[in-house]
Amino acid sequence: MSEPTATAFKPKSQFLQVLQERGYIHQCTDLEALDKAASEGVVTAYVGYDCTADSLHIGHLISIMMLRWLQKTGHRPITLMGGGTTKVGDPTDKDKQRPLLTDAQIASNMASIQTTFGKFLSFGAAPTDAVMVNNADWLEKLGYVEFLRDYGVHFTINRMLTFDSVKLRLEREQPLTFLEFNYMLMQATDYLELSRRYGCVLQMGGSDQWGNIINGVELVRRVDAKPAYGLTTPLLMTSSGQKMGKSLGGAVWLNADRLSPYDYWQVWRNTEDADVGKFLRLFTELPLEECDRLAALPGAQINEAKKVLADEATTLLHGREAAEAARAAADKAFEHGVLSEDLPTLEVDRAALEAGIPVANLVVDAGLASSRSDARRLAQGGGLRVNNDPVTDGAQLLSLSDLTPEGVIKLAAGKKKIVLIKPI
RNA sequence: GGGGGAAUGUCCCGAGUGGCAAAGGGGGGGGACUGUAAAUCCCCUGGCGUACGCCUUCGUAGGUUCGAGUCCUACUUCCCCCA
């Protein structure tokens with residue numbers, strides 16, 4: 001088991017070439033062997049996703065892009081939904097045990113998440129068509145004794161205690177239940193199951209999943225003596241050291257009903273200068289030379305590169321049309337100070353507005369503040385604007401007379417978050 | 001099994017003599033400066049109310065007290081020592 005840093009190695013397979021050139025590879029159990037497999041035939045690889053929320057977020061995107069490249073270079077991607085493992089909960093990076101979700105919640109989350117994959121991968125029955133599976137299908141059938149005898153024998157407590165997910169919890173003196181302790185075994189059996197069902201030889205994931213992935217690789221090798229590889233991506237951090245995945249007041253969701261295409265576009269538009277090249281390579285499919293050229297634009301010109309990044313990334317998720325609308329709306333709002341229909345909009349009852357609604361209420365309803373107190377503080381801090389005029393009193397009433405000629409009220413929290421209020 | 005310690009602002013770390021909405025960080029939000037960037041500086045960061053104010057918070061549940069994060073009892077979880 002080695003952990004090469006993937007810089008010296010020159011892959012022959014198109015798949016690994018792309019991954020390496022574009023910066024997707026952090027660690028791999030055996031790059032050379034995997035490269036050989038990928039150049040000799042169709043490789044089946046999978047990534048597992050939790051069903052703890054009803055939408056994936058930007059942190060998942062890097063692995064989705066890898067699956068996309070996998071498919072584009074002639075291989076078969078599997079998206080594994082953690083219908084079974086979600087019931088246990090991955091202890092990685094968590095201090096406290098998560099509340100257990102009900103079957104209904106998990107099923108509904110899963111259905112909602114699945115729509116995202118369809119945008120990046122093509123599913124079907126052809127050799128390189130993507131496959132979607134749910135690990136509840138096999139995990140729930142396992143009997144306890146059978147599970148212990150078939151899989152439990154291959155794991156030592158000594159080894160499990162050395163994994164970061166476990167070690168961290170213990171070091172921080174947080175409880176780790178036996179239930180959660182079993183998560184890594186369950187994830188390992190996923191790999192074995194996929195190896196048997198689909199001849200899957202590769203599991204990919206974020207670097208925090210390295211320990212879990214290794215377990216699966218070893219299990220497949222020990223039990224079935226089949227080839228199994230693991231590959232992880234670097235943890236996404238912005239150049240200034242922040243976790244990528246939060247921006248403009250919350251998680252960056254991939255489902256449009258959680259985060260509008262406009263806001264999604266904004267997330268990319270607000271990329272730090274130093275990250276532009278990296279993000280272009282990871283989250284767009286532009287040729288490398290173009291990524292490098294854009295990232296090298298001097299001074300304020302780099303903003304053009306950010307727009308391209310935003311266009312391309314948004315197109316992949318929401319389509320070209322939505323991306324262009326987002327760009328046009330942003331262009332009007334930021335560069336010409338003009339309103340656009342495509343800005344996020346909150347519809348309110350015309351009669352209620354006629355009677356007058358406190359700004360603070362609208363700010364909360366529009367999702368620009370978490371509570372009325374929060375909204376009031378925003379106003380007091382000078383961050384709240386109505387139709388471009390600062391409003392410092394959260395109690396101020398807005399009514400029909402505040403409508404612009406376009407028939408809306410423009411509500412802005414800070415310089416970047418804008419919501420239109422529209423009476424209906 | 002016996003003994004000693006610990007759990008704090010529902011993001012994290014972390015002070016806290018019985019009068020505390022509770023120090024200080026980090027993170028997050030806003031403002032200034034810029035290029036919708038970074039760095040820097042300033043402000044805010046439990047909820048409700050226009051407001052003197054009211055309500056809810058310090059592992060859980062009770063108790064003592066005019067008053068409890070702070071004292072007592074039981075329970076839960078974690079750490080340490082002895083067996």
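Letters A, B, ... mirror the listed sequences (proteins, then strands); counts begin at 1.
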message = Which nucleotide, if any, forms a Watson-Crick or G-U wobble pair with C54(B), using both distances under 3.5 Å?
response = G47(B)

key: Salt bridge present between R258(A) and D54(A) (N-O < 4.0 angstrom)   = yes

request  = Determine yes or no for a side-chain-to-main-chain donor-acceptor pair under 3.5 angstrom, with D393(A) supplying the side chain and A395(A) the backbone.
outcome  = yes

ask   = Which residues pass the ring-ring contact (aromatic ring centres under 6.0 Å, His included) test with Y49(A), sequence neighbours left out?
value = H60(A), F117(A)

inquiry  = Need one value for R269(A): base, sugar-phosphate or nothing, where a base atom within 4.0 Å counts as base even if backbone is also close, heavy atoms only.
reply    = base

Interatomic distance at P, G59(B) relative to A51(B), whole Å = 31 Å

Whole-Å gap separating C1' (G29(B)) and NZ (K416(A)) = 12 Å

note = d(L317(A) CG, W253(A) CH2) to nearest 0.5 Å is 13.5 Å

remark   = Checking C44(B), G29(B), A37(B) against the side chain of L378(A) (C-beta onward), the nearest is G29(B)

ask   = Less than 4.0 Å between a side-chain N and a carboxylate O, is that true for R221(A) and E218(A)?
value = no

ask   = Quick one: do E21(A) and R281(A) make a salt bridge, cutoff under 4.0 Å?
value = no

inquiry  = Nearest whole Å is fine: how far is A21(B) P from R377(A) CZ?
reply    = 18 Å

request  = Determine the interatomic distance between P on G63(B) and the same-named atom on G14(B); round to the nearest Å.
outcome  = 32 Å

inquiry  = How would you summarise protein contacts on nucleotides 48-56 of chain B per nucleotide, using B for base, S for sugar-phosphate only and - for none, with heavy-atom distances below 4.0 Å?
reply    = BBS------

query = C20(B): syn or anti, with syn meaning chi within 90° of zero?
reply = syn

message = For the C1' atoms, the ones on U36(B) and on G31(B), what distance do you get once it is rounded to whole angstrom?
response = 15 Å

ask   = Can you check the F279(A) CZ to A37(B) C1' distance for me, whole Å?
value = 12 Å

request  = Check every atom of U36(B), G35(B), G30(B) against the side chain of A330(A) and return the nucleotide holding the closest atom.
outcome  = U36(B)

ask   = So what's A7(B) paired with, Watson-Crick or G-U wobble, going by both distances under 3.5 Å?
value = U76(B)

query = Heavy-atom distance under 4.5 Å between the side chains of T345(A) and V408(A), does that happen here?
reply = no

request  = Could you measure between the two C1' atoms, the one in C42(B) and the one in C55(B), and give it in whole Å?
outcome  = 32 Å

inquiry  = Using the P atom as the point on both nucleotides, what is the distance between G19(B) and G69(B), in whole Å?
reply    = 10 Å

ask   = A37(B) C1' sits how many Å from L297(A) CG, rounded?
value = 14 Å

query = Nearest-Å distance, CD (E272(A)) to C1' (G35(B))?
reply = 14 Å

ask   = Can a salt bridge be assigned to the pair E324(A) and R327(A) using a cut-off of 4.0 Å between side-chain N and carboxylate O?
value = no

request  = For I418(A) and U36(B), give me the distance from atom CD1 to atom P, rounded to whole Å.
outcome  = 13 Å

All pairs passing ring pair (Phe, Tyr, Trp, His ring centres under 6.0 Å) where residues 308-334 of chain A contributes a residue, at least two apart = Y264(A)-H318(A)

inquiry  = With a 4.5 Å cut-off on side-chain heavy atoms, are L185(A) and F147(A) touching?
reply    = yes

inquiry  = Using heavy-atom distances to pick each residue's nearest nucleotide on RNA chain B, tell me which of T271(A) and G383(A) is more 5'.
reply    = G383(A)

query = Just checking I302(A): base, sugar-phosphate only, or nothing, at a heavy-atom cut-off of under 4.0 Å?
reply = base

Base-pairing mate for C41(B) - Watson-Crick or G-U, with both contacts under 3.5 Å = G31(B)

request  = Considering only atom P, compute the distance from C81(B) to C75(B) and round it to an integer number of Å.
outcome  = 24 Å

request  = Tell me the partner of G1(B), counting only Watson-Crick (N1-N3 plus N6-O4 or O6-N4) or G-U wobble (N1-O2 and O6-N3) with both under 3.5 Å; none if nothing fits.
outcome  = C82(B)

task = Could you please name the option among U36(B), A37(B), G31(B) that lies closest to any side-chain atom of R385(A)?
result = G31(B)

Nearest-angstrom distance, P atom, G28(B) to A22(B) = 25 Å

ask   = Does U36(B) have OP1 or OP2 sitting under 4.0 Å from an N or O in the side chain of K332(A)?
value = no

query = Can a side chain N or O of K417(A) be found less than 4.0 Å away from OP1 or OP2 on U36(B)?
reply = no

ask   = Between G35(B) atom P and D275(A) atom CG, what is the distance in whole Å?
value = 20 Å

ask   = Rounded to whole angstroms, how far apart are NZ on K415(A) and P on G35(B)?
value = 12 Å

query = In Watson-Crick or G-U wobble terms, both distances under 3.5 Å, what is the partner of A21(B)?
reply = none

request  = Taking atom P in both U8(B) and U45(B), compute the distance separating them and give it to the nearest angstrom.
outcome  = 22 Å

query = Which nucleotide, in any strand shown, forms a Watson-Crick or G-U wobble pair with A68(B), with both distances under 3.5 Å?
reply = none

